[in-house]
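What's counted below: heavy atoms across the whole structure, side chains too, no hydrogens, waters or symmetry copies.
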Amino acid sequence: MALNTAHAGEVTTTIVNPAEPYDPAPNGYSHAVVASGGSRVAYVAGQGGENAQGVLPESFADQVAQAYRNLRIVLGELDASPRQVTRINTYVVNYDPSMLAVMTHYVKETFGDALPAQTLVPVPRLALDGMLFEVDATAVLE
């Protein structure tokens, strides 16, 4: 079993990736994340690819990049780091496995080796016309 422990303030997160069923890290997530030392949890609403002016780029990759930028901004307002995120859910319109490389790139860019548990949910559409990607998160604050 692979364990990777990260410290952020008084919160310790331990990533648990058993040898079986497989190593999920190449796909940008962990099987489980245990958070200890925390008593405050933040549930971050779905972040899409809109910029500060509400403009949504057309490309999937640009939307994913902006969504993770938006997530980092919200975490910053919470005085939290990405290392305190224990779980994310991603929602992808018309998911195709070729999209996984783009998502994995931005997950690894955001979380480094402290990959949160993750569920990918293919959906027929999201809240806004043209929206292709959304990510929500759970973070242990303290």
Side-chain angles (χ1 to χ4, degrees), residues 1-52 54-57 59-142:
M1 172 170 42
L3 296 177
N4 179 2
T5 302
H7 300 278
E10 295 183 26
V11 175
T12 299
T13 57
T14 302
I15 293 171
V16 180
N17 285 322
E20 291 185 50
Y22 58 89
D23 180 8
N27 293 323
Y29 71 99
S30 297
H31 283 298
V33 178
V34 177
S36 57
S39 60
R40 289 180 51 230
V41 177
Y43 301 94
V44 180
Q47 300 300 306
E50 309 90 348
N51 65 18
V55 175
L56 193 62
S59 88
F60 177 75
D62 289 345
Q63 286 193 28
V64 174
Q66 185 65 47
Y68 279 104
R69 180 176 185 279
N70 293 343
L71 177 60
R72 290 189 302 273
I73 291 168
V74 173
L75 290 171
E77 287 296 310
L78 296 169
D79 291 324
S81 77
R83 296 186 90 67
Q84 290 169 263
V85 173
T86 57
R87 180 178 178 88
I88 60 174
N89 294 307
T90 55
Y91 306 90
V92 181
V93 173
N94 299 323
Y95 175 74
D96 174 307
S98 67
M99 300 164 135
L100 189 58
V102 171
M103 293 183 293
T104 299
H105 170 80
Y106 289 105
V107 165
K108 289 181 174 184
E109 180 181 273
T110 299
F111 299 105
D113 63 356
L115 295 169
Q118 178 180 178
T119 300
L120 186 156
V121 183
V123 296
R125 73 165 278 130
L126 290 164
L128 302 175
D129 288 339
M131 190 176 194
L132 302 173
F133 180 83
E134 187 171 15
V135 57
D136 65 33
T138 303
V140 179
L141 300 179
E142 58 185 43

Do [X] and [Y] touch side chain to side chain, with heavy atoms closer than 4.5 Å?
| X | Y | answer |
| --- | --- | --- |
| Ile88 | Phe111 | yes |
| Val44 | Leu78 | yes |
| Glu50 | Met131 | yes |
| Phe60 | Met103 | yes |

Applying ring-ring contact (aromatic ring centres under 6.0 Å, His included), which residue pairs with at least one partner in residues 66-97 are found, sequence neighbours left out?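 Applying ring-ring contact (aromatic ring centres under 6.0 Å, His included) to every pair that reaches into residues 66-97, excluding sequence neighbours, yields Tyr68-Phe133.
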
So, the side chain of Gln84 versus the backbone of Ala139: is there a donor-acceptor pair under 3.5 Å, distance only?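 No, Gln84 side chain to Ala139 backbone: no donor-acceptor pair under 3.5 Å.
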
Determine whether a donor-acceptor pair (N or O, by modelled atom type, separation under 3.5 Å) exists between the side chain of Gln63 and the backbone of Gly130.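 Present.
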
For atom CZ of Arg72, decide whether the heavy atoms of other residues, nucleotides or ligands shown that lie under 6.0 angstrom number more than 12.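 Atom CZ in Arg72 is crowded, with more than 12 foreign heavy atoms closer than 6.0 Å.
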
Which atom pair, heavy atoms only, marks the closest approach of Ala61 to Tyr106?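 Minimum heavy-atom separation between Ala61 and Tyr106: O-CE1, 4.0 Å.
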
For the student: nearest non-hydrogen atoms of Pro57 and Gly49, plus distance: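 Distance-wise, the nearest heavy atoms are CD-O, 3.1 Å.
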
Check each of Val64, Val107, Asp62 against Val102 using the side chain to side chain contact (heavy atoms under 4.5 Å, CB included) test, and report the only one that passes.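 Exactly one pass, corresponding to Val64.
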
Would you compute the distance between atom [atom1] of [X] and atom [atom2] of [Y] and round it to the nearest 0.5 angstrom?
| X | Y | atom1 | atom2 | answer |
| --- | --- | --- | --- | --- |
| Asp79 | Leu141 | CG | CG | 9.0 Å |
| Asn94 | Leu132 | CG | CG | 8.0 Å |
| Arg83 | Leu115 | CZ | CG | 9.5 Å |
| Thr119 | Asn89 | OG1 | CG | 5.0 Å |

Does the side chain of Gln66 come under 3.5 Å of the side chain of Asn70 through a donor N or O and an acceptor N or O?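 Result is yes, a qualifying pair exists.
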
All pairs passing salt bridge (charged side-chain N to carboxylate O under 4.0 Å, His left out) where residues 118-138 contributes a residue, at least two apart: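 Applying salt bridge (charged side-chain N to carboxylate O under 4.0 Å, His left out) to every pair that reaches into residues 118-138, excluding sequence neighbours, yields Arg125-Asp129.
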
